[in-house]
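For ligands, and for the atoms within them, numbers begin at 1 and follow the listed sequence.
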Amino acid sequence: MDSWQKILKDSISDAKTLSEKFDIPLDQMQKMEKHFAIKITPYYLSLIKEKGDPLYKQVVPDIRELEDGELFEDPLGEDQDSPVNNIVHRYPDRCLFLVSPVCASYCRFCTRKRKVGDPSKISMRYIDEGIQYIGDHPEIRDVIISGGDPLLLPDDKIDYILRNLRSIPHIQILRIGTRVPCFLPQRITPELVQVLKQYHPLFMNVHFNHPDELAPPAVEALGRLADAGIPLGNQTVLLKGVNDDPEVMKKLMQKLLQARVRPYYIYQADMVFGTEHFRTRVEKGLEIIKALRGWTSGLAVPHFVIDAPGGGGKIPLLPEYVQSITDKEVILRNYEGKRYVYNQPRSARRRKTVRESHFAAMELEEIF
Ligand SMILES: *Cc1c(COP(=O)(O)O)cnc(C)c1O
Ligand code: SF4
């Protein structure tokens, strides 16, 4: 057994141990365990400083998970965009391929908790079917390998999936979505890296939500991936009590860059059942972007998006930098709130008939 498998095996994954460790009534913990599987690696547990801190909140169940009735099992409507098991094909030229039902630890806010942790719902039996679907659809040029966590599969399974996808002529890029560098960085072994680097261009999106997660083992694991030429991006979920604070987010983004990871998305928390206590108002995300843009490296500023409920895809949100647009000029506000004017090209400034300007206004509506 590799050392990462041993660490994974020593994870806390039962209500009893966790309730004793954090002094939570066992009956509560047992109810929550039924609602969504529990798992915390000893490594991630060691990063928790105290009960209720931002890392604790992400992985230790909270009684409020059982409370609400207004949210959804499948808030993004993924199941309706699923032509075959394990594939979500929503966008024209790319698809999600779910290859693993398990994660190194379970995030209480997981969007896919209806499936994650349950091997019958993301079954390995459907891997070949997924590869077949991708091969049969020449419009797909980008595959996002996800789950669950793909990097919990054994090296030879990962190799099998990547090799088969790479052999499809219309696949230009491969991406892996994983939280392993955060929860179980020991999994990023030299042997795994050796497998991954054979299948370039291969991108990886990791998932860090708090600066304390970038402990030395995680930073070293990210370094091994970056050294293998894998461009690294990060996805963060905006979570109340975890990272809903511009200073925390700025520190997170700066630490990611130091670990050679480019911040990619901040997600507004999805409307997933049992996660009401994690949701912030949307304005919080805008406030965070405003506190980043201009105030720190542009490389540290991700896109803030809402994954539209019901399956509309990711929609970017920006603070109001554009005050107005006319044929003549654009009025802008910079990061400090100062006003600037950009003149439109002269050719665009001709006099317009009423009808033409009506169309110009319509175009603007379409853009925004
Ligand atoms: C997020 C997502 C993608 C990838 O979107 P990008 O904006 O290209 O990163 C693809 N398919 C689905 C279903 C997704 O949710
Ligand atoms: S690692 Fe990702 S898929 Fe797994 S529980 Fe966390 S959010 Fe869900």
S.K.: I want to know if ligand 1 touches Tyr267 in the polar sense, i.e. an N/O pair below 3.5 angstrom.
M.R.: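 Looking only at distances, the answer is no, because the N/O contact criterion of under 3.5 Å is not met.
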S.K.: Can you list the ligand 1 atoms lying under 4.0 Å from a non-hydrogen atom of Tyr265?
M.R.: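 Those of ligand 1 that fall under 4.0 Å from Tyr265 are 6 (P), 7 (O), 9 (O).
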S.K.: Arg175: heavy atom below 4.0 Å from ligand 1, yes or no?
M.R.: yes
S.K.: Go through ligand 1 atom by atom and flag the ones less than 4.0 Å from a non-hydrogen atom of Ile144.
M.R.: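 Per the distance check, 3 (C), 4 (C), 10 (C).
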S.K.: Give every residue pair that meets the ring pair (Phe, Tyr, Trp, His ring centres under 6.0 Å) criterion with at least one member in residues 293-325, sequence neighbours excluded.
M.R.: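 The answer is Trp295-Tyr335.
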S.K.: Below 4.0 angstrom from a heavy atom of Val88, which ligand 1 atoms are there? Numbered from 1 as shown, please.
M.R.: 13 (C)
S.K.: Keeping Glu213 on the side-chain end and His210 on the backbone end, is there a donor-acceptor pair under 3.5 Å?
M.R.: yes
S.K.: Keeping waters out of it, list the protein N, O or S atoms under 2.8 Å from atom 6 (Fe) of ligand 2.
M.R.: Cys107 SG
S.K.: Any side-chain heavy-atom pair from Ile38 and Met29 closer than 4.5 angstrom?
M.R.: yes
S.K.: Using modelled atom types only, decide if a donor and an acceptor are shared between the side chain of Gln58 and the backbone of Pro54 within a distance under 3.5 Å.
M.R.: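 Such a contact is found between Gln58 side chain and Pro54 backbone.
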S.K.: Any donor-acceptor pair under 3.5 Å linking the side-chain atoms of Gln235 with those of Tyr267?
M.R.: yes
S.K.: Atoms of ligand 1 less than 4.0 Å from Lys314 heavy atoms?
M.R.: 1 (C), 2 (C), 3 (C), 4 (C), 5 (O), 14 (C), 15 (O)
S.K.: Mind checking whether Ile176 and Phe203 sit in one hydrophobic cluster, side chains of I, L, V, M, F, W, Y counted as touching below 4.5 Å?
M.R.: no
S.K.: Does Glu78 reach ligand 1 with a nitrogen or oxygen that is under 3.5 Å from one of the ligand's nitrogen or oxygen atoms?
M.R.: no
S.K.: Who's closest to atom 8 (O) of ligand 1 heavy-atom-wise, of Arg94, His89, His303?
M.R.: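 Answer by nearest heavy atom: Arg94.
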S.K.: Just to be sure I'm reading this right: ignoring hydrogens, which of Asp307, Leu96, Val143 gets closest to atom 12 (C) of ligand 1? Compare them by their nearest heavy atoms.
M.R.: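 Going through Asp307, Leu96, Val143 one by one, Leu96 has the nearest heavy atom to atom 12 (C) of ligand 1.
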S.K.: Considering both backbone and side-chain atoms of Tyr91, is one of its nitrogen or oxygen atoms within less than 3.5 Å of a nitrogen or oxygen in ligand 1?
M.R.: no
S.K.: Kindly confirm or rule out a cation-pi arrangement of Arg94 over Tyr91, judged by NZ or CZ under 6.0 Å from the six-membered ring centre and within 45° of its axis?
M.R.: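 Flagged: Arg94 positioned over aromatic ring of Tyr91.
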S.K.: So if I count the atoms of ligand 1 from 1 in the order they appear, which ones are less than 4.0 Å from some heavy atom of Tyr264?
M.R.: 6 (P), 7 (O), 8 (O), 9 (O)
S.K.: If you measure only the distance, is there a donor-acceptor pair under 3.5 Å linking the side chains of Arg64 and Thr275?
M.R.: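 Side chains of Arg64 and Thr275: no pair found under 3.5 Å.
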S.K.: Does any part of the side chain of Leu47, heavy atoms only, come nearer than 4.5 Å to the side chain of Asp212, both counted from C-beta?
M.R.: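 They are not in contact (no side-chain heavy atoms under 4.5 Å apart), so the answer is no.
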S.K.: Applying a strict under-4.5 Å side-chain criterion to I, L, V, M, F, W and Y, I'd like to know whether Val301 and Met249 cluster together.
M.R.: yes
S.K.: For Asn164 and Ser167, test the side chains for any donor-to-acceptor distance below 3.5 angstrom and give the result as yes or no.
M.R.: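 Short answer, no.
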